Every structure is written in structure tokens, then in C-alpha cells.
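Taking it in order: structure first as C-alpha cells, then the write-up.
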Amino acid sequence: MSTSSASRRLASFLVLTVCVVCCECQLQDFFRNFLRIFQAGDGGIEDTDVLLEQYDFIIVGAGSAGCVMANRLTEIPNWKVLLIEAGETETFLSDVPLMASMQSRTRFNWAFESEQLTTACLGLERGRCHLARGKAVGGTSVINFMLYTRGNRKDYDMWSEQGNHGWSYEEVLPYFLKSENCSTCEEIDEAYHGTEGYLNVEHPHYESPLVKLFVKAGQEMGYKNNDPNGKYELGFSRVQATMKRGTRCSASKAFIKPILHRPNFHISTKSMVTKILIDSETKTAYGVEFLKNKKKHVAYAKKEVILSAGSINSPQILMLSGIGPKDHLETLGIPVIQDLKVGYNFQDHMAMSALAFFVNESITVSDWSVQNPIDIYNYISRGSGPYTIPGGAEALAFVKTKYASKTNDDYPDMELVLGAGALNGDIFGNFRHLLGIPDSTYRQVFLPHLGKPSFGIATVLLRPKSRGRIWLRDANPLSYPIINPNYYEKEEDLATMVEGIKMAIAISRSTPFQTYQATPNDLPFPGCDHLLLGGDEYWACAARSVSTTLGHHVGTCKMGPRADEQSVVDQRLRVHGIGGLRVVDGSIMPTIVAGHTNAVIFMIGEKASDMVKKYWRDEVE
Ligand SMILES: Cc1cc2nc3c(=O)[nH]c(=O)nc-3n(C[C@H](O)[C@H](O)[C@H](O)COP(=O)(O)OP(=O)(O)OC[C@H]3O[C@@H](n4cnc5c(N)ncnc54)[C@H](O)[C@@H]3O)c2cc1C
Ligand SMILES: *[C@@H]1O[C@H](CO)[C@@H](O)[C@H](O)[C@H]1NC(C)=O
Ligand SMILES: *[C@@H]1O[C@H](CO)[C@@H](O)[C@H](O)[C@H]1NC(C)=O
């Protein structure tokens, strides 16, 4: 070990220790400057000195999809590519897997909020749903929980059946494999994993005794212990995560850091794209406008503008540029170039993340337990120990409630995520801040159990029927859009969630968990205490009150054939009726997949970049 890397480790150790012990996130700004100095040697991402006036491709947004696009398009040496990102470079602190929820309190989160709903988020802060989105080089992969799943075979076959040729499971699988390097994974279905890709996937370098209990409980319920990314999705397993040597492997680390030396790759951070320039005669995109250092800039695109700003900002930017629902744009005085259902079809995975179960021995992980300097030391020096648990999630299960389809055996409607801790151990408040759970609820429901070892099982509604919508608030590109996610608008969604919650409780009551006398929290949520605790109505009330989400917002620029009135882009992700413009990110999903979305969006980027290369193939060869 060289002295400089030794001193860097020592400094990291001190910083993490101080941060964990005092954990006032406001201090992050102080640390940021300090960190920048000693991280400089690690090759932090710096802006390109002088931008060109014209590029072959301009990519808007350096998130999960945008980073893949930048990487793959700059493989063609004579293509000049500009990547524009509103946020800035991630730090050493955003790399720590266990502290993932803390990232929602930093400048790396856009922190969107929904309108007030009558169906959900009733007991959350300000009565609104909290929608975290990453604002960084790496996008939401800088603040996410790093869980690596791909959804179900049938999800893609359905996309394909809806007229999106090329998107069946057999056709997208090669792109999952292309991006992935899972060469250190152990319990996997090897035929379904890649070992040559840029994206590192591994298991956490720590396992609490809870994982074995969880898998055994699954077996008692008739489920296999298997790789959900393999042949069958149903089953219980230890998590696979986008991490490398125990630290976060964001889109930026995986796809951007390795290509910084490419002379045809330019990047501009802290740059807010306000509009795509489109010739209204030829209906062709030819550039973008963006704000940087409070100044307006313009960059021109010879071939294409690729919009990868994510499911909330991509529809916003399209609408600001004159592509969207005619009546809505006209009300705001925005000249309409193309009338399309932009912002419709919003989908997300609702979760119940506030279940806490107590056990009689300290086999769990909490803010309290990890203040142990040995844990901090192990993380810094070896990338091991509880700090490597991604967002606290150790294992997951894909299961079927009584509402799941009976015809297809391998088609889950519910996911259960095992957390090594629960909200009563959230002393620093990071997790409840991310979820939007008010302090008053915390004091009433969790604080009385402070210090008790506890774990969580989050239940995730995999196939929501409710659909939401995004509108512009006004014509100002800096205004946050109006978001109505419509969570639990369909009663069926709520009923399925209640079944999932009952399954989580059944797991805690299984023989394996009873070896530690696991018991569910018996303190009722405010607003639901008039109902019979633990009854269906009680849980339905709780779900409508503490309605949290996994941040899997998708669908707002739906992919579909022209004949599909709801669709915005075609199967090659080109905006209907507009030349030189594609949308490449989570917003193109016609229906949400039954799994976490990050890996899926990397796949979308891999596939889209191949389609772009094919389209311009004369130049590629
Ligand atoms: C708290 C949380 C936890 C999650 N956990 C997981 C998980 O464990 N596993 C998983 O698979 N998925 C998880 N997800 C979801 C997953 O990370 C996202 O679906 C995925 O990263 C989205 O990729 P994207 O490319 O569509 O958009 P993003 O990654 O959000 O990228 C969009 C980028 O565009 C930039 N941008 C936006 N507007 C502009 C503009 N006007 N000008 C310039 N730049 C702009 C943004 O700053 C951002 O960097 C989680 C999400 C959240 C919020
Ligand atoms: C994949 O990961 C392994 C183990 O970390 C590493 O040795 C190998 O170089 C990686 N492969 C690529 C192509 O990056
Ligand atoms: C926890 O409960 C189990 C099962 O009842 C019991 O065997 C064990 O001794 C208990 N542990 C403690 C520390 O009380």
C-alpha cells in the first residue's frame, strides 16, 4: 500500500467515523470540500474544459441509462458525444452501501413531492408522497439501494406482444448479460449472468443470521432458495447488488470512470437542460439549451439528441420543448410541435416499509450497532462488515399472493425485502426522512421500542394497476412538475398489498424466526388506531397512511407502436413524428417490471445504443 492510499484510508476512516457518530447530514457540505481534496487522486470527474459548438450526439442526463449511452456511443472514435448533467460527482460517503438512505438528505436528491392524494400518503410529511430522484453523475444509481434484479420473463414478452418487436425476454437477455460482471457471485444460475460487463454485481460482504432464517421460512412456505435473475424468479435468496469490493458501483463508476480518457467524450455537469431545440418545419431535433453558472448555453447535435433525464424530468423536458398533450401545452402558452401523451402512464412500486419485528437476541443491524469502530475499520480497510449491506437489505423473496395469476406458475405479484434493521433503530432519522414518515409517527410507533433488536420486511406491490400522471406546473423549466402518482387508486392494489403484509407477518411467525421469538410491532399507526390491530382494514389503513415507494418511477414516455394512442416513443425509442430524438431511460417502459428497475434501465441503455449504432451503421463500419 502506498503512503498516499494509506493516508487516504485513514482520512476516510476518520470522516466516516465522525459522520456516523455525529451524523448531522448538514455536515456533509463541510466534508465535501475536505473530501474533494484527498479524493482528487482517485480521478473525480471533471468537466471538459472547452465545449464544442456541435456534437454528433448530445445525451441529456447522466443517470443509469445516460451513462451507458455515453460509454457505448463513444466506442465509435469519430462520434463526438456530449453528456450533460444537472448534478455533480458522487463522493466517498455516497459509496457506503449501508448509508444509502442518507443520500436522500443531500444535494444528490431532487426530492420531488406529489400533490396531496386522497388514496395514499395520507400520514406522510405534508400529506404528500415523497419521490426521491438522483441528481448526480450516475443519477438515481448514486442514491439507490443497489439491489440487482431484472423482473420476470413474462414482463418483456408482454412488451413484445404489445407490438414492441425486439423486446421479448430472449431478445433482451443478451443485453443484461452484456452489461454485467458477476464473476464473484456464488449462489447464482450461471447461464443467466455475465462476467465481462462494466457493471459489477456481487453479494454484500456480510451476512446476519437473519438471512438463513428468512430462506428457511420460505422453504416452509413451499418456496425454493434460488437466483431470482436465473431461470425462475419465484423464490427466496440473498441479495445481489451493484457493488464492487463492498462499495457502491454507480452508473458513473461502472460506465463513465473507465472512459474519461476517450477524446471524443465530453461532459458538462451542474448544467440544467431547459429545452430541446426542434425545427418545427422539419420536426427534427437539432440541439439543446442549458443553464450553467446562471448562463444560457446552446449545443448543437448533428445526429441525435438522446433524452435520458429519468421518468420525471424526461417528460418535463419534452413538454417544455413542445412535445406533449396539446390542450395542456396550449394552456401554458407553449407552441405545440407534436401532440403526444407525454407524462401519462406513470407507474411505481408501492411498499410497506414500516413493519418492524423484534427478536430476543442482537442478531440485527441498527444505527446504534454500527457505531462500532471495528465495523467502520473493516469497511474502510477491507470492504467488509455490515456497512456493505446495500440500504440495509439482505435478502429478498418473490412470492404470489392469493390474487396472483393462477395460469403462469412463475409470475410473482409481491416482493418481500428482508431488512437487517427496522425503523426503531433509525436513530439518525435517515430512513424515515427518505420515506417521509413524520417524527410524530416515529415517536408514537417506534421510539418506545428504541434499543430492541429488530428487523424489517418490506412488502412491495410488483404489478400495480393504478396509473398516475405528470404535468408541467408552468412554462418555467426550473419549476418542479406537478405529479399525481395515483397510488392505490385501484382497490385491487390495496387488497394485494394487505395480503403481502400478512405474508410478512406469517414469515415472522414461522418456526425459523421463532427460534428468536420474533414478534411484530404492536403499536398502531396514528389514524388507524380505531381499527382492529392486525386486521385487513387496519393494514389497508396503514398502507394508505405510510405509503412509501421504492423509487421505481417509470412509464411516462411509453414505448409502443404508433397505433397505440398512449405511446410516446417507438420500439427503437424514437419520439413519434420527430426526427433526431430518442428517449432512453426508465420512462419508456410500457408496464413496470416485477423487479427493481436499475438493472432493467442499464439493459435499456445497452439495447438502445446498439439500435443507434445500427441506424447510423454506414458511419460505424
Ligand atoms: C431511494 C431509491 C432507492 C432505489 N433502490 C433501487 C434498488 O435497490 N435497485 C434498483 O434496481 N433500483 C432502485 N431504484 C431505482 C433505480 O435506481 C432507478 O430506476 C434508475 O436509477 C433510474 O435510471 P434513469 O436512467 O431512468 O434515470 P436517473 O438515473 O434518475 O437519471 C436521470 C439523470 O438526468 C439528470 N437530469 C434530470 N433533468 C435534467 C436536466 N433538465 N438537465 C440535465 N440533467 C438532468 C438527473 O440529475 C439524473 O442524473 C431506487 C430508486 C430510489 C429513488
Ligand atoms: C470482472 O470482475 C472480476 C472480479 O472482480 C475481475 O477480475 C475482472 O477483471 C472483471 N472483468 C472485467 C471485464 O472487468
Ligand atoms: C430467545 O428465544 C429462544 C427461543 O425461545 C430461546 O431458546 C433463547 O434462549 C432466547 N434467547 C435469549 C437471549 O433469551
Side-chain angles (χ1 to χ4, degrees), residues 59-69 83-88 100-101 103-104 108-110 112 130-151 180-184 194-202 239 241-242 244-245 250-252 254 258 268-275 288 290-292 307-314 316-317 320 348-349 359-362 390-391 393 396 417 434-435 453 477-478 514-518 548-554 583-589 593 595-602 604-605:
I59 302 166
V60 179
S64 302
C67 290
V68 178
M69 290 305 281
L83 178 61
I84 307 182
E85 168 54 47
E88 45 192 296
S101 60
Q103 298 318 312
S104 72
F108 296 136
N109 181 6
W110 287 85
F112 294 107
H130 292 237
L131 292 88
R133 293 295 304 185
K135 186 179 184 182
V137 183
T140 305
S141 76
V142 169
I143 66 167
N144 79 0
F145 279 26
M146 291 158 271
L147 301 179
Y148 182 88
T149 67
R150 301 175 184 168
E180 185 191 22
N181 185 352
C182 203
S183 45
T184 64
T195 52
E196 311 260 283
Y198 284 103
L199 179 71
N200 206 74
V201 176
E202 61 187 30
V239 300
T242 46
K244 191 168 184 173
R245 284 180 233 109
S250 65
S252 160
S268 183
T269 65
K270 291 183 256 174
S271 305
M272 177 82 180
V273 171
T274 51
K275 193 179 181 181
V288 301
F290 62 100
L291 287 173
K292 184 175 192 178
L307 185 55
S308 299
S311 294
I312 293 175
N313 296 95
S314 283
Q316 182 191 22
I317 296 168
L320 288 167
D348 191 3
H349 285 145
V359 282
N360 70 349
E361 286 180 35
S362 48
L396 37 87
V417 182
L434 168 69
L435 303 177
L478 301 183
Q514 283 314 309
T515 56
Y516 292 96
Q517 292 177 7
T548 58
T549 138
L550 294 196
H552 296 172
H553 329 112
V554 304
V583 182
V584 182
D585 58 28
S587 69
I588 65 100
M589 292 190 206
V593 300
H596 303 250
T597 43
N598 198 29
V600 183
I601 295 168
F602 286 130
I604 291 170

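One-based numbering, in listed order, for ligands and for the atoms of each. Predicted model only: the values in this text are computed from it and were never measured. Residue numbers count from 1 along this sequence.
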Check: Does an N or O from A86, backbone or side chain, lie closer than 3.5 Å to an N or O of ligand 1?
Finding: yes
Margin query: Can you work out which protein residues put a heavy atom within less than 4.0 Å of ligand 3?
Written below: N360, E361, Q514, T515, Q517
Notebook entry, point to check: Looking only at protein heavy atoms, which one is nearest to atom 9 (N) of ligand 1, and how far off is it?
Noted result: L147 O, 2.8 Å
Margin query: For T140, give me all partners under side chain to side chain donor-acceptor pair (under 3.5 Å), at least two apart in sequence or on another chain.
Written below: none
Next item on the list: Specify the protein heavy atom at minimum distance from atom 5 (N) of ligand 1: its residue, its atom name, and the distance to 0.1 Å.
Entry: F145 N, 2.9 Å
Checklist line | Ligand-side contact atoms (ligand 1) for residue partner S141, heavy atom cut-off under 4.0 Å | finding: 21 (O)
Check: Going from CG on N200 to OH on Y148, what distance comes out if it is rounded to the nearest 0.5 angstrom?
Finding: 11.0 Å
Next item on the list: Would you mind telling me if ligand 1 is within reach of the side chain of N144, the backbone, both or neither, using heavy atoms under 4.0 Å?
Entry: both
Checklist line | For K275, side chain to side chain donor-acceptor pair (under 3.5 Å) partners two or more places apart | finding: none
Margin query: As an exercise, state the distance from CD of E85 to CE of M272, rounded to the nearest 0.5 Å.
Written below: 10.0 Å
Next item on the list: From atom 32 (C) of ligand 1, work out which of A309, G551, G61 has a heavy atom at the shortest distance.
Entry: A309
Check: For E85 and ligand 1, does the shortest N/O to N/O distance drop below 3.5 Å?
Finding: yes
Notebook entry, point to check: Atom CD1 of I588 and atom OG of S314: how far apart are they, to the nearest 0.5 Å?
Noted result: 11.0 Å
Notebook entry, point to check: Below 4.5 Å, heavy atoms only, C-beta onward: do S268 and K292 meet side chain to side chain?
Noted result: yes
Notebook entry, point to check: Just by modelled atom types, is the R245 backbone N or O under 3.5 Å from a matching donor or acceptor in the E202 side chain?
Noted result: yes
Next item on the list: Answer side chain, backbone, both or neither: which part of S308 comes under 4.0 Å from ligand 1, heavy atoms only.
Entry: backbone
Check: So is S314 in contact with ligand 1, going by heavy-atom distances below 4.0 Å?
Finding: no
Check: Can A136 be said to touch ligand 1, with heavy atoms closer than 4.0 Å?
Finding: yes
Checklist line | Nearest option to atom 43 (C) of ligand 1, as decided by whichever heavy atom of A599, S271, G138 sits closest | finding: S271
Notebook entry, point to check: So, does S587 use its side chain to make a donor-acceptor pair with the main chain of S311 at under 3.5 Å?
Noted result: no
Margin query: Can you confirm whether the side chains of H596 and R150 place a donor and an acceptor under 3.5 Å from each other?
Written below: no
Checklist line | atom 52 (C) of ligand 1: nearest protein contact (heavy atom, Å) | finding: L550 O, 3.7 Å
Margin query: Please list, in number order, the atoms of ligand 1 under 4.0 Å from a heavy atom of G134.
Written below: 46 (C), 47 (O), 48 (C), 49 (O)
Margin query: I need the contact type for M146 against ligand 1. Using non-hydrogen atoms and a strict under-4.0 Å cut-off, is it side chain, backbone, both or neither?
Written below: backbone
Checklist line | N598 and ligand 1 - part of the residue with a heavy-atom distance under 4.0 Å | finding: both
Next item on the list: Ignoring angles and geometry beyond distance, decide whether I601 reaches within less than 3.5 Å of ligand 1 through its nitrogen or oxygen atoms.
Entry: no
Margin query: Please check: side-chain N/O of T242 versus main-chain N/O of V201, any donor-acceptor pairing under 3.5 Å?
Written below: no
Notebook entry, point to check: Counting only heavy atoms, which portion of F290 has something under 4.0 Å from ligand 1: side chain, backbone, both, or neither?
Noted result: neither
Check: Hey, what do you get for OG (S64) to CZ (F602), rounding to the nearest 0.5 Å?
Finding: 4.5 Å
Next item on the list: Considering the heavy atoms of N181, write down every atom of ligand 2 situated less than 4.0 Å from one of them.
Entry: 1 (C), 2 (O), 3 (C), 8 (C), 10 (C), 11 (N), 12 (C), 14 (O)
Note to self: Can you report which non-hydrogen protein atom sits closest to atom 29 (O) of ligand 1, along with the distance?
What the structure shows: T140 N, 2.9 Å
Next item on the list: For ligand 1, indicate whether the residue Q316 contacts it via side chain, backbone, both or neither (heavy-atom separation under 4.0 Å).
Entry: neither
Item checked: Any side-chain donor near an acceptor of the partner, N109 and S104, under 3.5 Å -> no
Check: Looking only at protein heavy atoms, which one is nearest to atom 19 (O) of ligand 1, and how far off is it?
Finding: T597 OG1, 2.8 Å
Check: Residues in side chain to side chain donor-acceptor pair (under 3.5 Å) with S183, at least two apart?
Finding: N181
Item checked: Distance filter under 4.0 Å to G586 heavy atoms, resulting ligand 1 atoms -> 26 (O)
Check: What is the nearest protein non-hydrogen atom to atom 42 (N) of ligand 1, stated with its residue, atom name and distance?
Finding: V273 N, 2.8 Å
Notebook entry, point to check: When you measure from the side chain of S252 to the backbone N and O of S250, does any donor-acceptor pair fall under 3.5 Å?
Noted result: no
Check: Between Q103 and I143, is there a donor-acceptor pair closer than 3.5 Å when you use the side chain of the first and the backbone of the second?
Finding: no
Item checked: Side chain, backbone, both or neither: the part of I317 lying under 4.0 Å from ligand 1 by heavy atom -> side chain
Next item on the list: Mark yes or no for whether W110, through its side chain, and G134, through its backbone, hold a donor-acceptor pair below 3.5 Å.
Entry: yes
Note to self: Just to confirm my output: which protein heavy-atom neighbour is closest to atom 27 (O) of ligand 1, and how far is it?
What the structure shows: R133 NH2, 3.2 Å
Margin query: Closer than 4.0 Å to some heavy atom of E196 - which atoms of ligand 2 meet that?
Written below: 13 (C)
Note to self: With no hydrogens and no angle check, just 3.5 Å: does a side-chain donor-acceptor pair link D585 and S308?
What the structure shows: no
Margin query: Looking at non-hydrogen atoms alone, which of A132, G139, G151, S101 comes nearest to atom 53 (C) of ligand 1?
Written below: A132
Check: Could a heavy atom of Y148 be found less than 4.0 Å from some atom of ligand 1?
Finding: no
Next item on the list: Evaluate the side-chain proximity of I604 to V584: yes if any heavy-atom separation is below 4.5 Å, no if none is.
Entry: yes
Notebook entry, point to check: In ligand 2, which numbered atoms sit nearer than 4.0 Å to a non-hydrogen atom of S183?
Noted result: 1 (C), 2 (O), 3 (C), 4 (C)
Item checked: Rounded distance [0.5 Å steps], CG in L307 versus CG in N313 -> 9.0 Å
Next item on the list: Measure the spacing between CG of L291 and OG1 of T274 and express it to the nearest 0.5 Å.
Entry: 5.0 Å
Checklist line | For T195, the ligand 2 atoms whose distance to one of its heavy atoms is below 4.0 Å | finding: 1 (C), 11 (N)
Notebook entry, point to check: Do any nitrogen or oxygen atoms of D585 lie less than 3.5 angstrom from nitrogen or oxygen atoms of ligand 1?
Noted result: no
Notebook entry, point to check: Within the distance-only criterion (no hydrogens, no angle test), does the side chain of Q514 pair as donor or acceptor with the backbone N or O of A518 below 3.5 angstrom?
Noted result: yes
